[in-house]
Number of protein chains: 2
Amino acid sequence: MPKALKIYSQDLTANPLLSHCDEGMIQKFVSSATIKTYPKGSVIFLQEDEASYFYIIVDGWVKLFRETLDGAEAIIDVISLGSMFGEGAIFSNNIYPHAAQTIEDATIIRIPLLLLKDAIEEDKAFAMHMLYVMAANRNQQDKELEHRDLQSAPQKIGCFLLRLCKPHQEGPIILNLPYDKTLLASRLGMKPETFSRALAKLKKETGISISGATVTFNSVNQLSDYSCSACSSTYPCQDL
Amino acid sequence: MPKALKIYSQDLTANPLLSHCDEGMIQKFVSSATIKTYPKGSVIFLQEDEASYFYIIVDGWVKLFRETLDGAEAIIDVISLGSMFGEGAIFSNNIYPHAAQTIEDATIIRIPLLLLKDAIEEDKAFAMHMLYVMAANRNQQDKELEHRDLQSAPQKIGCFLLRLCKPHQEGPIILNLPYDKTLLASRLGMKPETFSRALAKLKKETGISISGATVTFNSVNQLSDYSCSACSSTYPCQDL
DNA sequence: CGAGGTGTTGAAAGTGCTCAAATGGCGTGG
DNA sequence: CCACGCCATTTGAGCACTTTCAACACCTCG
């Protein structure tokens, strides 16, 4: 059942950057924003497209990716509620540096980039928050790069599952994979077949159980012992 | 022959960020800066170290990397003249998010992070430049991630060589590899043995010639045809 | 029921890795 | 100047992991 298509300010403040705006600024954003539900598979924009808007996800999932001439694609990130995308175009001559596509039905708010640009230029505190957000993002990417190099396929899956847990979560854990396995595979830089086999191996080696999209295990240690040895961060690594 | 250890303002303005400072601010940086020559292999700081300074390279090469418990390391970047590093700690609770080590004898300027922080907070234009620099950096990393996934070992080398050329360079080209092959290998995410074999293959497939650290070829097309098909950017991709 | 999407499995091929050994350059100490 | 040792690089052989191609199972939807 689709959410009523009205924009609430909390839809914006769900985003780590905009959560630092004062109410007046949020209102300015809201009044120029539009909201829309896209069916699964919709292309929001392509790499190199002229950019006039940035986006915030209210519901559903979106993948950010780059595509080569011969059709291969590299997934940069897969994001959901409260995540912002397209804002990077501000710093790239108003050209989107990657493509964005929904991978589930998704409800997304669209806001003119100009407003964001103004906010950054006018409001010093806001600019500082933007810096923090970008720095966090950069660290995230560095870590991602490390993972792709250093972890085996089953370790990558284990690491991904760990990041799905709340930090310091205790006791038995039941997770649902947030989107389909084919996509998850390429999010982790592998083929679907490899993913399937790697998941089976992870199951065998760590004793977690998997049924469909549901993953169950008794303690995070079961996974962290297995996955985190091939990583430079120490376990509860989400709070970076 | 070591450069005289005196700090010149042009050593700072060689950096893309600091090049946007006015003379007064540069002087402030200079007056709190120290300069030092480090022998090859010096560790400047380790991941997780408490951070009080950021650095600018005057001469030589530095690698930025992350290391896992079991000794494997992922190289984030290898940088030289005019590049800045360690500045990311400003946004990470004054903890360096990666390690830095010289890979050749290197002359490096050290500046208190506090000064940088002040500059960002006081000077709006400077903060904006910081944002641009970080955005460029992020795009760079995205591209890097794509390369690791999508390119074969020989293509990675070809791509690296292309980025060593000046954009739109015409005619025959002679390059020198900027640092040793072992490091270059891990910069590109492969083992030295693989690098050696991949280089041989690149030579055979594209007709370029290699002797020691010297690479010669007639035209960039020789390489771009081979390497750039597996990349989402179109050829002269340095000007991103 | 049949179609199409999603996920799994099997066999064969490919690519990069490990381990081990050979090569070659280069600086040091004789 | 030479012998030696060190280090970077190359080469070879075998191995491990991932991919590719193909087939099949399963589920949902029309």
Side-chain angles (χ1 to χ4, degrees), chain A residues 39-41 61 63 68 70-75 78 101-105 147-158 176-205 209-215 226-227 230, chain B residues 39-41 61 63 68 70-75 78 103-105 147-160 176-205 209-215 226-227 230:
Chain A
K40 172 175 178 168
W61 289 83
K63 73 170 174 186
T68 67
D70 46 12
E73 68 178 36
I75 293 201
V78 174
Q101 182 179 22
T102 62
I103 55 173
E104 307 286 350
D105 292 357
H147 287 161
R148 301 254 175 143
D149 262 20
L150 265 28
Q151 292 182 320
S152 70
Q155 282 174 328
K156 282 180 196 162
I157 299 177
N176 277 301
L177 302 181
Y179 37 84
D180 74 53
K181 294 183 180 179
T182 306
L183 183 69
L184 189 40
S186 85
R187 162 72 180 76
L188 297 175
M190 62 186 90
K191 300 292 161 194
E193 298 93 328
T194 303
F195 180 87
S196 178
R197 286 184 256 259
L199 190 55
K201 185 165 183 185
L202 182 69
K203 194 167 153 181
K204 191 175 55 156
E205 313 239 316
S209 29
I210 297 147
S211 145
T214 307
V215 182
Y226 182 77
S227 286
Chain B
K40 170 174 180 170
W61 289 85
K63 73 170 172 184
T68 68
D70 47 10
E73 69 179 33
I75 293 201
V78 175
I103 55 173
E104 307 286 349
D105 293 357
H147 286 162
R148 300 255 176 143
D149 262 21
L150 266 28
Q151 293 182 322
S152 70
Q155 282 174 329
K156 282 180 196 162
I157 300 176
C159 177
F160 181 86
N176 277 301
L177 301 181
Y179 37 84
D180 74 54
K181 294 181 180 178
T182 305
L183 182 70
L184 189 40
S186 82
R187 163 71 182 76
L188 297 175
M190 63 186 91
K191 298 293 159 191
E193 298 93 327
T194 303
F195 180 88
S196 177
R197 285 185 255 260
L199 190 56
K201 186 166 182 185
L202 182 68
K203 195 168 156 183
K204 191 173 58 154
E205 311 241 315
S209 29
I210 297 146
S211 145
T214 307
V215 181
Y226 181 78
S227 286

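Quick note on labels: first sequence line is chain A, next is B, and so on, each numbered from 1.
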- Query: Which whole-number value in Å describes the distance from B:L150 CG to C:dG16 P?
  - Reply: 13 Å
- Task: Using atom OH of B:Y179 as one end and atom C1' of D:dT9 as the other, report the distance to the nearest whole Å.
- Result: 17 Å
- About how many Å separate CZ of B:F160 and CG of B:L177, when rounded to the nearest 0.5 Å? 7.5 Å
- Message: Counting only side-chain nitrogens and oxygens, does B:K40 get under 4.0 Å of the OP1 or OP2 atom of D:dC7?
- Response: no
- Note on the structure: Whole-Å distance, B:L199 CG to D:dT11 C1', equals 14 Å
- Atom-pair distance (CD1 on A:I210; C1' on C:dT8), nearest Å: 13 Å
- Donor-acceptor contact present, side-chain A:T102 to main-chain A:P39, <3.5 Å: yes
- Over how many whole Å does the gap from A:K203 atom NZ to C:dT8 atom C1' extend? 11 Å
- Query: Do any N or O atoms from the side chain of B:T214 and from the backbone of B:N176 form a donor-acceptor pair under 3.5 angstrom?
  - Reply: no
- Task: Measure the spacing between CD1 of B:I103 and NZ of B:K63 and express it to the nearest 0.5 Å.
- Result: 7.5 Å
- Task: Going 5' to 3' through nucleotides 12-21 of chain D, assign each nucleotide B (protein heavy atom under 4.0 Å from a base atom), S (under 4.0 Å only from sugar-phosphate atoms) or - (no protein heavy atom that close).
- Result: BB----SBBB
- Is A:K181 reaching over with its side chain to a backbone N or O of A:G212, donor-acceptor style, under 3.5 angstrom? yes
- Query: Does B:D105 reach the main-chain N or O of B:K40 with its side chain, forming a donor-acceptor pair under 3.5 Å?
  - Reply: yes
- Could you state the CD1-C1' distance from B:I157 to C:dG16, rounded to the nearest angstrom? 12 Å
- Item | Atom-to-atom span, NZ of A:K204 to C1' of C:dT9 - whole angstrom | 15 Å
